[in-house]
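Keep in mind it's a predicted model, so treat the numbers as computed, not measured. Proteins get letters first, then strands, A, B, ... in listed order; numbering begins at 1 in each.
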Amino acid sequence: MEVINIKGTDDTPNVILDKASGQFEISGRSLPEDVNMFFEKILDWIDEYSQDPNDRTEFNFKLEYFNTASSKVILDILLKFEEIVENGKEVVIKWHYHEDEEDMLEAGEEYSDIVEIPFDYIVYND
Amino acid sequence: MEKEKQGFLEFAYQLYKTMKTNEINLVYEGEVTQEITKTFTSLTEKSLSKSAESNTVQKKVFNVMVECLQNISKHADSLSDEESERRGIVMVSKGDDSYNIITGNIIKNERVPGLKESLEHINSLDKAGLSTLFKQQIKESTISDKGGAGLGLIDIAKKTGSKLSYQFKELNDQVSFFILTSTIKRN
């Protein structure tokens with residue numbers, strides 16, 4: 001499968017999606033004005049991945065900030081992985097948050113209330 | 001002409017004094033675009049990072065500013081139908097106990113009751129209630145043509161932990177001016 005490797009900007013996140021090496025990561029900040037335009041390619045990639053996913057997928061979210069329009073797209077991404085879980089594969093969401101940022105932890109907890117995927121919360125402090 | 005110039009200088013000085021007295025750090029009136037949003041948030045981010053403000057407060061101010069500005073760039077109406085620019089006024093003030101982010105924009109009168117209802121509903125909820133509403137809304141919402149998900153106000157209320165204060169001033173039978181103040185406590 002094609003590898004997605006997008007470098008972040010001051011309003012879009014870094015994205016790495018690599019089936020072969022098992023790297024799945026969205027990090028940085030996400031506040032684009034047009035979320036659909038930015039995430040379309042990513043959602044399409046995940047749709048294709050879900051046709052033949054790895055036995056275990058570890059998806060890292062290490063976001064510093066995202067706007068509410070992005071929060072909706074993140075849910076869409078998680079729902080796609082929930083389907084992969086329903087189809088019998090293992091998925092773990094690694095949700096990273098800064099120790100000063102309870103809001104980011106809470107955002108992760110809210111997602112885990114909505115989707116049936118196990119979440120690991122990882123605190124960092126750099 | 002000379003008199004007009006004097007008047008303007010006097011106005012600039014009065015504005016400066018008013019801003020100082022009210023501890024206003026930033027005022028902008030004009031079109032609100034993604035570029036403007038990025039510029040203001042990064043200016044604010046830089047000035048906050050030089051201050052002794054905690055990371056938590058810095059992040060909240062940044063978050064709330066983005067949502068407020070994107071609300072204007074997505075939802076503001078114009079004074080007349082010929083104008084398509086989404087304009088607004090943005091102010092940031094820093095008091096002893098809190099930061100206030102004040103935004104104002106034109107809204108069509110027909111949209112006022114719906115917005116008022118949302119604001120009242122949000123203000124009636126506590127933290128857990130806001131979280132429930134957010135989860136419900138994020139599941140049901142779709143990204144609109146404008147790129148919004150209808151979650152901005154709920155998010156502001158959640159992150160600030162303060163009630164949203166707002167006012168509608170009717171300008172004529174078509175439009176009103178909507179003012180929203182978001183307060184972020186400093187400790």
Side-chain angles (χ1 to χ4, degrees), chain A residues 8-13 28-40 42-43 61-80 82-83 96-117 119 123-126, chain B residues 32-39 41-42 45-46 53-74 86 127-128 130-161 184:
Chain A
T9 66
D10 50 356
D11 64 353
T12 54
R29 46 177 64 183
S30 180
L31 50 135
E33 189 168 42
D34 192 340
V35 284
N36 287 333
M37 203 170 74
F38 180 80
F39 282 100
E40 195 185 8
I42 293 155
L43 292 168
F61 285 91
K62 193 176 181 180
L63 287 157
E64 188 193 325
Y65 172 68
F66 53 92
N67 64 356
T68 50
S70 301
S71 70
K72 172 66 187 168
V73 183
I74 293 170
L75 178 61
D76 291 341
I77 292 173
L78 292 170
L79 288 169
K80 289 183 192 296
E82 185 179 50
E83 258 176 63
H96 302 254
Y97 67 99
H98 192 276
E99 62 176 352
D100 290 337
E101 274 226 73
E102 214 162 298
D103 288 337
M104 191 54 75
L105 171 62
E106 279 172 21
E109 288 170 343
E110 283 175 347
Y111 283 124
S112 83
D113 284 346
I114 302 174
V115 295
E116 299 276 328
I117 312 176
F119 272 60
V123 62
Y124 66 92
N125 55 16
D126 47 278
Chain B
V32 179
T33 59
Q34 177 72 358
E35 284 312 307
I36 295 286
T37 301
K38 279 200 289 186
T39 307
T41 46
S42 86
E45 199 178 24
K46 277 190 197 115
E53 216 58 71
S54 74
N55 281 335
T56 311
V57 171
Q58 289 187 30
K59 270 282 149 57
K60 282 182 193 284
V61 173
F62 180 83
N63 283 359
V64 172
M65 261 189 99
V66 172
E67 291 303 325
C68 286
L69 289 161
Q70 290 188 332
N71 268 342
I72 298 179
S73 69
K74 283 169 185 155
R86 299 188 190 278
K127 193 174 191 286
L130 286 168
S131 178
T132 307
L133 178 65
F134 188 85
K135 284 185 276 191
Q136 184 189 329
Q137 195 95 340
I138 197 175
K139 276 191 280 185
E140 289 168 5
S141 72
T142 48
I143 305 280
S144 68
D145 296 343
K146 292 170 181 169
L151 298 163
L153 294 171
I154 309 172
D155 190 57
I156 294 170
K158 268 174 68 193
K159 299 232 163 93
T160 59
I184 296 135

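- Counting heavy atoms of neighbouring residues, nucleotides and ligands inside a 6.0 Å radius, atom CD of A:E99 exceeds 12 of them.
- Remark: the B:Q70 side chain and the A:N67 side chain contain an N/O donor-acceptor pair separated by less than 3.5 Å.
- In this structure, B:K38 does not pair ionically with A:E33, as no charged nitrogen and carboxylate oxygen lie closer than 4.0 Å.
- Using a 4.0 Å cut-off between charged side-chain N and carboxylate O, A:D103 and B:K60 make a salt bridge.
- A salt bridge links A:D113 with B:K135: the closest approach of a Lys/Arg side-chain nitrogen to an acidic carboxylate oxygen falls below 4.0 angstrom.
- Side-chain polar atoms of A:E106 and B:S131 form no donor-acceptor pair below 3.5 angstrom.
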(message) Evaluate B:I138 against A:S71 for side chain to side chain contact (heavy atoms under 4.5 Å, CB included), listing each step before the verdict.
(response) CA-CA 8 Å; B:I138 197 175; A:S71 70; 3.9 Å; yes
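- In this structure, the portion of B:E45 lying under 4.5 Å from any heavy atom of chain A is its side chain and not its backbone.
- Once rounded to the nearest 0.5 Å, the distance linking OG1 of B:T41 with CG of A:D10 reads 8.0 Å.
- With chain A as partner, the option from B:I154, B:V66, B:D155 having the largest number of non-hydrogen pairs under 4.5 angstrom is B:V66.
- With hydrogens and angles disregarded, a donor-acceptor distance shorter than 3.5 Å links the side chain of B:T56 to the backbone of A:D100.
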(request) Please assess B:Q137 against A:K72 for the test side chain to side chain contact (heavy atoms under 4.5 Å, CB included), listing each intermediate value before the final yes or no. (result) CA-CA 9 Å; B:Q137 195 95 340; A:K72 172 66 187 168; over 6 Å; no
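- Between chain B and the options A:E64, A:E102, A:M104, A:H98, heavy-atom pairs under 4.5 Å are most frequent for A:E64.
- One distance of note links CZ of A:R29 with CG of B:N63; it measures 9.5 Å at 0.5 Å rounding.
- For B:K139, the parts sitting under 4.5 Å from any heavy atom of chain A are the backbone and the side chain alike.
- Proximity to chain B involves both the backbone and the side chain of A:L31, based on heavy atoms less than 4.5 angstrom apart.
- Using a 4.5 Å cut-off between heavy atoms, B:Q34 touches chain A through backbone and side chain atoms alike.
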